[in-house]
Amino acid sequence: MAIELEKAYDSKKTEDKIYKLWEESGFFDPDNLAQDAKEPFVIMMAPPNVTGSLHMGHALENTISDILIRWKRMKGFRTLWLPGTDHAGIATQNVVEKELRKQGQSRHQLGREKFLEKVWEWKEIYGNIILEQLKKLGVSADWSRTRFTMDDDYRRAVEAAFVHYYGKGRIYRGERVINWCPRCRTSLSDLEVEYKEEAGKLWYIKYSLAEDSRFQIPDSKFIVVATTRPESMLGDAAVAVNPKDKRYKNLIGQKVNLPLVNREIPIIADSAVDMKFGTGAIKVTPAHDLLDAEIAFRHNLPNYQVVGEDGKMTEKAGEICRGLTTKECRGKVVSLLEELELIERIEDYVHNVSVCSRCGNVIEPLLSKQWFLKMDELAQYAIDAVKNKKVKIIPKNFEKPYFDWLNNIKDWCISRQIWWGHQLPVWQCKCQTGRISNLAHQKPEDIFVVSSVKPKQQCSKCKSHYERVFDVLDTWFSSALWPFATLGWPFGVAQGKPGDLERFYPANIITSARDILNLWDARMIFSGMEFMGKSPFSHLIIHATILTKEGKRMSKSLGTGIDPLDLIERYGADALRFGLIWQMMGHQDIRWDETAVVAGKKFANKLWNASRFVLGRIPEDAKLKIPPLASMTLAKRETDEAGKKILREALKTRKQVEKHMEKYQFGHALREIYDFFWHKYCDVYLEESKKLDDNHIVLVGVLAESLKMLHPFMPFITEEIYQKMPLQEKTLLMIER
RNA sequence: GCGCGGUUAGCUCAGUGGUAGAGCGUUCGCUUGACAUGCGAAAGGCCAGAAGUUCGAUCCUUCUACCGCGCACCA
């Protein structure tokens with residue numbers, strides 16, 4: 001009786017079965033790999049957010065990582081691929097808020113504690129769905145080491161990092177103009193702000209010169225400033241011109257009367273003013289504009305905070321505007337100015353509006369007391385790591401945006417006013433009597449205690465115990481610790497696996513999307529340098545972005561997204577992986593083309609049927625021993641010419657594939673195997689072999705070799721076929737050398 | 001404004017200083033004893049435009065146009 005394969009390959013029947021076989025083997029865990037395994041090879045999974053389900057970006061990223069880890073595992077390395085999920089502060093909070101809104105509730109109605117319970121509930125239900133989806137894709141990560149960025153020991157690591165930075169003077173509390181999202185009610189870092197082009201207006205407003213002017217005014221008794229945000233004039237502290245601007249030379253040092261507010265403010269000279277913009281004279285609103293705040297700092301001007309954290313005008317905006325939204329206030333201010341005939345003209349003006357990357361609402365820059373991480377030295381660590389080739393960024397093009405960001409970096413605003421996240425390990429007493437200076441770099445010990453445990457002492461004034469502040473950390477602060485906090489830093493043990501940190505830090509590879517190059521990758525690098533004294537990985541692969549066929553961004557809300565699970569359902573995981581990698585040529589973005597997955601399914605079918613043909617010629621009870629292919633080409637008598645030819649071609653293919661793999665050119669590697677298997681092995685040799693009788697060893701040998709080469713790309717079907725092969729000393733293809 | 005990437009078959013993309021390739025699609029044959037998810041054949045390209053280097057350019061250089069992306073401005 002010959003070995004018989006079913007007529008058609010059924011991915012649905014096979015994939016779950018094979019995955020279970022792998023999981024039960026324990027070989028995803030490096031501790032279960034052979035004792036003679038080579039040095040470790042480690043990949044840290046970019047932990048997906050607990051908010052969502054698998055999208056094409058995840059599918060590509062994790063297929064790449066899986067190919068690498070399977071390839072290295074088969075080469076005998078002690079492979080660890082560490083998976084997990086990220087709590088994703090604002091993103092997750094927003095998703096849960098959205099759910100609440102459907103039930104007519106808001107988080108404020110629920111209150112902080114109840115709301116957090118809801119988020120945890122949500123996390124328990126949906127948090128691991130994406131990991132289950134990754135299993136469908138064939139991901140061979142070590143699930144016994146799965147981590148979540150809010151696991152208890154991870155939380156303690158985050159707190160330890162904060163305390164460490166604070167102790168070194170790298171963390172300070174300061175009052176600065178920061179990006180504020182009135183909808184999320186929180187501060188944001190510069191990287192969490194996006195820009196949207198908007199057709200707006202540029203208003204030219206006349207500010208009348210104050211009566212006591214000592215100088216003669218050339219043409220009019222006004223100075224005209226141009227602004228896109230007239231409502232912010234209520235908070236103006238000065239008018240600024242460029243010191244080189246001859247038009248205003250005589251006005252510097254004079255005062256103007258701020259309309260509507262009736263406040264006398266000076267005309268100052270500052271070289272930050274662009275003479276070409278508007279009239280060359282600008283209004284300075286220190287509390288609501290970063291550049292204005294810098295100018296105000298240089299000239300020692302006061303702040304007038306006229307927009308509040310709710311995005312509405314404050315007391316300081318005056319009786320008429322208080323409580324209005326900024327938009328309402330704009331209309332009000334403009335109409336009042338028009339009545340007073342203080343608007344010289346209005347121009348159409350296209351400009352970029354800053355919006356919250358998480359909710360899309362317009363950002364209000366405002367003066368706020370926040371916690372910052374000093375970036376000067378840390379940025380230098382990150383720069384040096386890449387310059388000194390401790391970290392290789394692939395492709396090299398991405399070094400430039402990386403260096404650009406680090407070279408122009410500002411201190412990182414790490415505190416957030418949302419509820420879901422790591423609370424700052426900062427404690428405060430009830431009376432909060434300490435005064436906070438506007439100056440940065442001042443240590444606020446007088447009112448705050450920074451500690452990972454609750455301070456025992458009481459406040460000397462109010463006699464109350466210190467309570468933890470509500471602010472939480474930027475979610476990326478904790479993600480930045482991922483490569484070592486997951487392995488047990490700083491307490492030595494994670495998930496009951498002692499020694500992991502010593503054995504598996506640093507990782508070899510991180511694969512990430514380009515949009516988190518600075519948000520995540522750069523921050524992991526300096527965090528690794530700071531806490532471990534070593535960069536956290538040696539290779540950073542920035543993978544392609546998958547676009548729609550029209551070249552547009554895939555987006556769930558626009559309905560342009562494609563669901564990888566749907567493709568797995570229709571074509572099988574191997575076909576999807578094939579399709580993804582088939583299109584991954586160089587590092588070019590991918591305009592998604594489903595026909596590549598069709599090709600993958602056809603190839604799987606070809607593979608199956610070729611195997612069916614080969615195995616169908618071999619008795620069920622055979623126990624073949626395949627000599628190394630190279631030796632078979634030399635065995636003159638046993639092997640015919642056609643056999644020698646296909647053997648030589650197999651060896652050549654293997655060499656080419658290896659070459660491409662070393663360069664992370666997976667698309668090329670896959671095409672090499674495809675072409676060899678289909679057009680050389682099947683089209684030529686299999687047909688040839690029909691005329692011959694006694695060539696089982698070559699037939700089976702080349703088939704086995706093909707399965708091995710292909711396994712990292714299409715793991716399920718290759719394992720399934722391999723398990724049916726009548727070989728001596730057979731284990732799982734997954735760990736075959 | 002600065003920078004990066006792209007422009008090759010109907011579609012999605014490889015590629016090379018000297019006759020241009022794949023997958024998918026299309027047309028025409030084939031129920032050949034693994035596979036019709038297949039086999040055999042075929043049609044289909046001034047390799048974005050211009051100039052230069054070269055004996056020779058799709059490939060190298062420069063410029064232009066268009067598409068995508070990042071950064072800056074965004075007062």
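Every value quoted in this text rests on a predicted model; they were computed, and no experiment measured them. Numbered from 1 within each chain, the chains take letters A, B, ... in sequence-line order.
In this structure, A:I267 atom CD1 and B:rA75 atom P are separated by 21 Å, rounded to whole Å. In this structure, A:R671 atom CZ and B:rA14 atom C1' are separated by 6 Å, rounded to whole Å.
No N or O donor and acceptor, one from the side chain of A:D593 and one from the base of B:rC24, sit under 3.5 Å apart.
Salt bridge A:E688/A:K691: present, at least one basic N to carboxylate O contact under 4.0 Å.
Residue A:K400 places none of its side-chain N or O atoms closer than 4.0 Å to OP1 or OP2 of B:rG70. Listed pair A:H587 / B:rC4 fails the phosphate criterion, with no side-chain N or O lying under 4.0 Å from OP1 or OP2. A close approach under 4.0 Å does occur between a side-chain nitrogen or oxygen of A:R612 and OP1 or OP2 of B:rC35.
Residue contacts shown for A:L686 include a base, since a base heavy atom lies under 4.0 Å away. A:W678 comes within 4.0 angstrom of sugar-phosphate atoms only, judged by non-hydrogen atoms across all strands, and of no base.
Across all strands shown, B:rC47 forms no Watson-Crick or G-U wobble pair with both distances under 3.5 Å. Summarising the base pairing, B:rC4 is matched to B:rG68 through a Watson-Crick or G-U wobble pair whose two defining distances lie under 3.5 Å. In a base pair of the Watson-Crick type (N1 to N3 plus N6-O4 or O6-N4) or a G-U wobble (N1-O2 and O6-N3), with each distance short of 3.5 Å, B:rU26 is matched with B:rA42. Base-pair partner of B:rU19: not found among the strands shown (Watson-Crick or G-U wobble, both distances under 3.5 Å).
In the model, A:Y207 has a side-chain atom that pairs as donor or acceptor with a side-chain atom of A:D236 under 3.5 Å. For the residue pair A:Q656/A:T653, the side-chain donor-acceptor check at 3.5 Å is not satisfied.
Comparing the P positions of B:rC59 and B:rU16 gives an interatomic distance of 13 Å, to the nearest angstrom. Here the separation of B:rA22 from B:rG45, taken at their C1' atoms, is 15 Å to the nearest Å.
Interatomic distance, A:K410 NZ to A:D376 CG, rounded to the nearest 0.5 Å: 15.0 Å.
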